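Here's the structure, in structure tokens; my notes come after.
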Amino acid sequence: MTPQRAAVVAVLDEEHGHASAETVHAAVRRAGGRVSLATVYNTLTALAAMGELRELRAGRGPTLFDVNALPHHHLVCDECGRIIDIDAAVARGMRLPDDQADGFEVRSVDVVFHGRCSACAGL
Ligand SMILES: [Zn+2]
Ligand SMILES: [Zn+2]
């Protein structure tokens, strides 16, 4: 792992595992790192291509990078933007009916539950 990659992964851990390239860049800069947003973005994209990170699109906002590269799904709080990992088993057995597949070859399934987290609900 290069120092750049180590820095990026450390930031993702601090951000509870999911962050945009902009968020990672800002954190690296705060920590005194001198890298451009383009370099951070390229590092994140390269790590995703290698299977070390996952790219996550969860509704509005930029693509997020996910430090958990294993198959899993997400709870997304629509009020504070918090993202929580949930087990892949939640969607096990989910099938696309043939009459709706239109010849589509499914490679993966991403399930996102939207709602309000316990903190926003005041629990
Ligand atoms: Zn929330
Ligand atoms: Zn995740």
Side-chain angles (χ1 to χ4, degrees):
M1 235 194 213
T2 65
Q4 265 175 8
R5 283 187 193 149
V8 159
V9 170
V11 170
L12 282 169
D13 278 331
E14 275 168 33
E15 298 290 330
H16 308 289
H18 312 86
S20 67
E22 287 78 8
T23 301
V24 172
H25 181 240
V28 170
R29 295 289 291 244
R30 271 201 306 279
R34 287 193 206 164
V35 290
S36 67
L37 176 58
T39 300
V40 168
Y41 186 80
N42 290 340
T43 302
L44 289 165
T45 309
L47 287 169
M50 289 160 52
E52 292 188 29
L53 296 177
R54 269 183 44 172
E55 289 184 48
L56 171 67
R57 289 176 191 82
R60 293 162 287 154
T63 297
L64 300 177
F65 292 88
D66 190 337
V67 80
N68 183 355
L70 299 172
H72 65 284
H73 302 297
H74 295 97
L75 308 179
V76 174
C77 177
D78 293 325
E79 295 185 18
C80 71
R82 184 174 170 206
I83 299 175
I84 302 165
D85 285 349
I86 54 173
D87 202 281
V90 168
R92 191 169 291 151
M94 188 180 273
R95 291 277 174 275
L96 182 64
D98 285 343
D99 63 348
Q100 292 179 55
D102 193 30
F104 197 90
E105 178 194 330
V106 175
R107 298 210 181 104
S108 65
V109 178
D110 284 324
V111 177
V112 179
F113 293 89
H114 287 270
R116 186 166 66 164
C117 75
S118 57
C120 290
L123 299 177

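Each ligand, and each atom within it, is numbered from 1 in the order the structure gives. In this text the structure is predicted, and so the values were computed from the model without any measurement.
- Using modelled atom types and a 3.5 Å distance limit, the side chains of H73 and D110 yield no donor-acceptor pair.
- The angle C77:SG - the Zn ion (ligand 1) - C117:SG amounts to 110°, with values rounded to 10 degrees.
- Because the distance cut-off is set at 2.8 Å, H18 qualifies as a neighbour of the Zn ion (ligand 2) through one of its N, O or S atoms.
- No other N/O/S atom of H74 lies as close to the Zn ion (ligand 2) as NE2 does.
- Remark: at the Zn ion (ligand 2), atom OD1 from D85 and atom NE2 from H72 enclose 90°, rounded to the nearest 10 degrees.
- Looking at H72 and H74, their side chains do bring a donor and an acceptor atom within 3.5 Å of each other.
- Judged by distance alone, the side chain of H114 and the main-chain N or O of V112 form no donor-acceptor pair under 3.5 Å.
- Of all N/O/S atoms in D66, OD2 sits nearest the Zn ion (ligand 2).
- Residue E22 holds its CD atom at 9.5 Å from CG of L64, rounded to the nearest 0.5 Å.
- Distance check, rounded to the nearest 0.5 Å: CZ of R29 to CG of L37 gives 9.5 Å.
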